[in-house]
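Heads up: the structure comes next, in structure tokens.
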Amino acid sequence: MSIRPVKRLIQSKPTLEGAGVHLRRAFGFGDTKDYDPFLLLDDFRNDVPEDYLAGFPWHPHRGIETITYVLAGTVQHGDSMGNSGVISSGDVQWMTAGSGIIHQEMPKGDQAGRMHGFQLWANLPSSLKMTTPRYQEVKAVDIPEVIDDDGTHVRVVCGSFWGKTGPVDGIAADPIYLDVSVSPGKSKSLPVETSRHAFAYVFAGSGKFCNASGPLAVPTEAIKWADTAPPAEADNRSLILFDRGDEVTVQAGEDGMRFLLVSGKPLEEPVAWYGPIVMNTQQQLRQAFTELQEGTFLKTTESK
């Protein structure tokens, strides 16, 4: 077994999206190669209603899939295919934009004013950029959970892990999307297929992602090569990008650690990206925006 080294450890950065929603972006709108087939991860955890209630009014998407995972509060969803719904704590909304969809996402806080969750964008391969849009809404009770003997708890949102298979299917990027909790002070190794790109995003507690395959801990900050101290702890809002290997090892801190662990098979295709539309060429991108202006963007209006 080869443990994946830590390639990069960064903090998500504050940004504004939609009609003025305050959130933190872990990655996105930069070099897409390291995260391929994923494009963007937004952390929209917020406890101040005036910073999120404006939401994400009607806007277009083409060429991608968006995955919204809610931890607290609710998100009301509606789209041009006639779908509508509300996702709340523990629920997932998986929207395949394909050839084009116009939708809105309006967050509402819980009784304490909390609106917590994440949105991940997955790219579509060129062969599926213009596929028929699709919408999947998965309730918390339908997401399988597995608890290991040492107390490690995993919710399997998508893909197969430890004998459980998540309810979201038919996703082009073939992702494995896990919500992992490791008990205080525990060390845990989690399998990740070598051919996949993988990252983790910490959202509770802290800990270290270890590189036991090498003679030294992987440095994640400027330290002397002679210094054998372990890397800086990955704490709340830390993104960890892994290099190649077939497992990830984590050492949880005194408060335990909870994180998303996401992996997918890279598409290795050119990316032409502007705002909510992601295609393979600049010509395709211009065509999409021309269709938006001309009113021919939507290829289907039937509910699926």
Next item on the list: Walk me through it: do Glu291 and Arg62 pass the test side-chain contact (heavy atoms from CB on, under 4.5 Å)?
Entry: CA-CA 11 Å; Glu291 291 177 3; Arg62 176 178 285 178; 2.7 Å; yes
Note to self: For Arg244, give me all partners under side chain to side chain donor-acceptor pair (under 3.5 Å), at least two apart in sequence or on another chain.
What the structure shows: His197
Check: Asp110 side chain to Gly113 main-chain N or O, any donor-acceptor pair under 3.5 Å?
Finding: yes
Note to self: Tell me the closest heavy-atom pair linking Pro133 and Ser99, and the distance in Å.
What the structure shows: CD-OG, 3.6 Å
Next item on the list: Would you mind reporting whether Met279 and Gln287 have side-chain heavy atoms less than 4.5 Å apart?
Entry: no
Notebook entry, point to check: Hey, quick one: are Leu23 and Tyr52 part of the same hydrophobic cluster, counting side-chain heavy atoms closer than 4.5 Å, chains of contacts allowed?
Noted result: yes
Margin query: Quick check on the 6.0 Å ring-centre criterion: do Tyr135 and His77 meet it?
Written below: yes
Margin query: Using a strict threshold of under 4.0 Å (side-chain N to carboxylate O), is an ion pair present between Arg4 and Asp243?
Written below: no
Check: Have Ser195 and Glu193 got a donor and an acceptor in their side chains that come within less than 3.5 Å?
Finding: yes
Margin query: For a 4.5 angstrom cut-off between non-hydrogen side-chain atoms, does Trp121 reach His61?
Written below: yes
Next item on the list: Can you tell me which residue pairs pass the side-chain hydrogen bond (donor to acceptor under 3.5 Å, both in side chains) test with a partner in residues 36-46, sequence neighbours excluded?
Entry: Arg25-Asp42, Asp43-Arg45, Asp43-Tyr201, Asp43-Arg237, Arg45-Asn236
Checklist line | Which atom of Val86 lies closest to which atom of Asp91, heavy atoms considered | finding: O-OD2, 4.4 Å
Check: How long is the span from the NE2 atom in His103 to the OG1 atom in Thr66, to the nearest 0.5 Å?
Finding: 5.0 Å
Notebook entry, point to check: Would you say Tyr274 has more than 12 foreign heavy atoms packed within less than 6.0 Å of its OH?
Noted result: no
Note to self: Would you say CD of Glu50 has more than 12 non-hydrogen atoms from neighbouring residues, nucleotides or ligands within 6.0 angstrom?
What the structure shows: yes
Check: Rounded to the nearest 0.5 Å, how far does CD1 of Ile67 lie from CD of Gln136?
Finding: 10.0 Å
Checklist line | No-hydrogen, no-angle side-chain donor-acceptor test under 3.5 Å, Ser238 and Gln11 | finding: yes
Check: Can you check side-chain contact (heavy atoms from CB on, under 4.5 Å) on Tyr177 and Val168, steps first, answer last?
Finding: CA-CA 10 Å; Tyr177 188 125; Val168 180; over 6 Å; no
Notebook entry, point to check: What pair of heavy atoms forms the shortest contact from Pro57 to His59, and how long is it?
Noted result: O-ND1, 2.7 Å
Checklist line | Side-chain heavy atoms of Tyr69 within contact of Leu120, under 4.5 Å | finding: no
Notebook entry, point to check: Closest heavy-atom contact between Ser126 and Asn280?
Noted result: CB-OD1, 3.1 Å
Item checked: Parallel, tilted or perpendicular, as decided by the 30° and 60° cut-offs, for the rings of Phe199 and Tyr35 -> perpendicular
Check: Is there a side-chain contact between Asp246 and Pro191 (heavy atoms, below 4.5 Å)?
Finding: no
Check: Taking the six-membered ring for Trp, is the centroid-to-centroid distance between Phe259 and Phe209 below 6.0 Å?
Finding: yes
Checklist line | Straight-line distance of Ser187 OG to Asp150 CG, nearest 0.5 Å | finding: 9.0 Å
Next item on the list: Taking the side chain as every heavy atom from C-beta outward, state whether Lys129 and Val278 have any pair of such atoms under 4.5 Å apart.
Entry: yes
Checklist line | Minimum-distance pair of heavy atoms, taken over all atoms of Ala252 and Val182 | finding: CB-CG1, 3.8 Å
Note to self: Under the criterion side-chain contact (heavy atoms from CB on, under 4.5 Å), I'd like the reasoning laid out for Arg196 against Ile176: C-alpha separation, chi angles, the key distance, then a yes or no.
What the structure shows: CA-CA 10 Å; Arg196 293 171 171 268; Ile176 296 176; 4.0 Å; yes
Check: With no hydrogens and no angle check, is any side-chain donor or acceptor of Lys108 less than 3.5 Å from a backbone partner on Thr74?
Finding: no
Notebook entry, point to check: Going through the checks in order, is the side-chain contact (heavy atoms from CB on, under 4.5 Å) test met by Glu269 and Asn123?
Noted result: CA-CA 10 Å; Glu269 293 182 351; Asn123 202 3; 5.9 Å; no
Note to self: Any non-hydrogen side-chain atom of Asp79 less than 4.5 Å from a side-chain atom of Ile102?
What the structure shows: no
Note to self: Donor-acceptor pair, distance only, cut-off 3.5 Å: does the side chain of Arg155 make one with the backbone of Asp179?
What the structure shows: no
Item checked: Leu16 vs His22 side-chain heavy atoms within contact, under 4.5 Å -> yes
Check: Would you say the side-chain atoms of Ser89 pair up with the backbone N or O of Leu71, donor to acceptor, closer than 3.5 Å?
Finding: yes
Next item on the list: Return the minimal non-hydrogen interatomic distance between Val75 and Glu105, and the atom names on each side.
Entry: CG1-CB, 4.0 Å
Item checked: Side-chain (Gln76) to main-chain (Pro107) donor-acceptor, under 3.5 angstrom -> no
Next item on the list: State, yes or no, whether a side-chain contact exists between Met257 and Lys186 at a heavy-atom distance under 4.5 Å.
Entry: no
